[in-house]
Amino acid sequence: MSEHRYELVVGLEVHVQLLTQTKLFCGCRNQFGAPPNTLTCPVCLGLPGTLPVMNQQAFQLALKAAVALNCEIAPVTKWDRKNYFYPDLPKGYQISQYDLPFSRNGYLEISDPRGRFGPKRVGIIRVHLEEDAGKSLHDETAGQADSRIDLNRAGTPLLEIVTRPDIRSPEEAKAFLTELKLLLTYLEVSDCNMQEGSLRVDANVNLHIHTPEGTVATPIVEVKNMNSFRAVERALAYEAQRQYHQWLSTGHRLGQVPKQTRGWDDQAQITRPQRQKEESSDYRYFPDPDLVPVTVSPEQIEQVRQSLGELPATIRERIQKQYGITPYDADVIVSQGRAVVEYFEKVAQVSGNGKQAANWVQRDVLRTLKERQWTMEQFPLSAEQLGQFVARIAQGRLASSRAREVFDHMLRTQQDVDTAIEALGIQTVDEDTLQELCRRLVEANPKVVQQVRQGKTKALGALVGQAKRENPNVDPRRVQEICRQLIEQAEA
Amino acid sequence: MALTRAEVEKVALLARLELEPQELELLTAQLARVVEYVDQLAQLDTQGVEPLAHAVELTNVFRPDQVQPSLPRQKALQQAPRTDGEFFRVPAVLEP
Ligand SMILES: [Zn+2]
């Protein structure tokens with residue numbers, strides 16, 4: 001069997017739920033997890049004689065997202081009916097946008113802080129605003145052959161974001177989704193919680209296979225049912241393999257078979273065929289006569305642009321330069337959200353040492369937040385307090401060996417660094433005392449000195465141990481450094 | 001514009017209507033006349049005329065994002081052919 005080089009080609013279709021108080025066309029609360037069918041009214045139940053009226057905040061949030069995604073905003077936009085029958089769609093149509101979406105032609109830049117792929121722009125074909133459907137629950141356990149319908153979600157605002165087929169690997173797909181989620185959460189457009197279904201992803205996938213006779217494209221497959229970013233990565237990797245082998249055995253190319261829909265089975269780690277997708281003309285789109293068009297002026301777009309605030313990509317670049325931290329550190333901090341960025345910046349400023357501030361925020365602060373399930377706001381130490389703590393370490397006035405202990409004490413008591421150090425009985429050993437102690441130890445241990453000279457630097461550990469017994473406040477790393485220098489000097 | 005029987009069959013299928021052969025015959029003829037009637041519009045010269053998205057010359061009708069009371073569940077479910085008091089019950093559907 002011959003092996004061919006091939007490229008994976010992926011376009012994503014992402015749906016995100018908007019963080020509004022109410023649904024898109026009625027005043028019912030837009031809320032996840034309420035008891036079934038308690039958030040409905042004649043409008044979202046699709047009862048005859050009702051009139052949908054557009055939620056201003058939903059449109060505003062949609063505009064924010066589209067502007068942040070560098071989209072062109074249409075001066076006039078309208079809504080259309082997408083007709084299909086499904087029990088969780090009470091009207092028999094979904095109000096969506098067909099030929100005049102409110103925005104198109106944008107992009108989102110992605111990069112990998114670990115450098116597995118270069119920075120690139122993923123094109124956005126369109127972003128449009130539509131209503132969500134209700135939920136169908138298929139109750140097999142009860143042995144009943146029917147489905148239960150909950151219409152709480154019916155009519156809630158949904159943003160559909162369609163990318164160009166610019167994604168070339170499962171890692172790029174994950175990076176795109178991660179960056180999109182970060183952007184939309186920074187903008188407070190959506191909470192993008194995949195478990196609650198406020199972010200859903202479908203992927204259009206095919207391969208460009210390089211053969212001696214030229215490049216061959218395989219039929220496009222739509223992959224659904226991916227319930228985590230991890231699942232997206234795995235499904236795409238699986239689908240690439242599957243399509244390659246499918247092509248080897250059938251030779252089918254793009255256009256020779258109808259578009260297929262497959263669902264990701266997370267248990268089996270495979271995709272399985274689903275029902276064939278209807279052609280788009282089958283939806284018989286037509287303008288919704290119940291809704292009037294919406295116009296957007298250049299001034300409005302400018303206002304939205306001004307309201308965006310500093311976005312993740314810009315913050316990453318700025319804090320790298322301003323505080324001298326690595327792209328990786330900047331990425332970790334920014335990915336935690338605005339509150340953590342603000343906290344880090346304050347710690348960096350107060351301590352005067354960006355690198356150390358990044359270390360402590362990333363490692364100890366974030367670990368604590370995760371362990372205790374706290375938000376940044378719930379963290380008991382102010383940025384000022386942690387800044388002074390980091391400053392003492394950076395200035396060599398707190399041994400790094402005891403810093404963790406001090407940090408834990410501060411966390412428990414919310415004391416300032418000075419008070420904590422005092423309470424723990426830690427005394428800083430001044431440089432002269434430290435030098436004196438090391439000199440004595442080097443003199444008293446000729447055997448160790450000899451071992452070190454023979455290249456066994458591990459032998460220094462014995463000196464550090466003795467130093468710690470004499471004075472528990474010494475910084476072991478400094479003791480090791482000074483002793484090594486003394487031995488080297490004596491040698492010269 | 002002539003309308004074929006196959007087209008009417010497809011539209012009926014999409015609308016989930018089950019038609020007897022005689023009904024299909026009758027409706028094909030009737031629908032063809034409706035389409036023909038509307039087709040008169042094609043005689044107009046619309047060169048340079050902006051497409052109209054809506055018959056009412058009104059734009060930007062919004063409501064504020066303020067919660068209004070929803071229906072009590074009992075009332076929401078009241079018109080349903082089948083419920084269990086919590087959910088609407090419908091014949092089993094395949095996973096979409
Ligand atoms: Zn409602």
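Here is the naming used below: chain letters follow the sequence lines, and residue numbers restart at 1 for every chain.
Comparing B:Asn60, B:Val56, B:Leu58 by how many heavy-atom pairs each has under 4.5 Å with chain A, the most go to B:Asn60. Among B:Arg73, B:Glu57, B:Gln74, B:Gln68, the residue making the largest number of heavy-atom pairs under 4.5 Å with chain A is B:Arg73. No other option in A:Val296, A:Asp150, A:Thr20 has as many heavy-atom pairs under 4.5 Å with chain B as A:Thr20. Highest contact tally toward chain B, considering only A:Pro42, A:Cys26, A:Ala58, is held by A:Cys26 [criterion: heavy-atom pairs under 4.5 Å]. Counting heavy-atom pairs under 4.5 Å between each of A:Leu291, A:Asp80, A:Val76, A:Thr40 and chain B puts A:Thr40 at the top.
A donor-acceptor pair shorter than 3.5 Å cannot be found between the side chains of A:Gln17 and A:Ser198.
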* Show your working on salt bridge (Lys or Arg N to Asp or Glu O under 4.0 Å) between A:Asp132 and A:Lys23 and close with a plain yes or no. => CA-CA 9 Å; A:Asp132 207 343; A:Lys23 294 189 180 183; over 6 Å; no
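For a residue to count as touching a neighbouring chain, one of its non-hydrogen atoms must lie under 4.5 Å from one of that chain's; by this rule A:Phe59 touches chain B with the side chain only. For A:Leu61, no part sits under 4.5 Å from any heavy atom of chain B, backbone or side chain. At a 4.5 Å heavy-atom cutoff, the contact between A:Pro293 and chain B is made by backbone and side-chain atoms alike. B:Gln66 touches chain A through its backbone: at least one of N, CA, C or O sits under 4.5 Å from a heavy atom, while the side chain does not. In this structure, chain B has a heavy atom under 4.5 Å from the side chain of A:Pro87, while its backbone stays farther away.
Counting only distance, with no hydrogens or angles, the side chain of A:Gln94 and the backbone of A:Glu131 share a donor-acceptor pair below 3.5 Å. In terms of modelled atom types and a separation under 3.5 Å, the side chain of A:Asn37 and the main chain of B:Glu86 share a donor-acceptor contact. Judged purely by atom type and a 3.5 angstrom limit, A:Ser297 uses its side chain to pair as donor or acceptor with the backbone of A:Gln300. In terms of modelled atom types and a separation under 3.5 Å, the side chain of A:Lys64 and the main chain of A:Glu188 share no donor-acceptor contact.
Relative orientation of the A:Tyr98 and A:Tyr285 rings is parallel, given thresholds of 30° and 60° on the angle between their planes.
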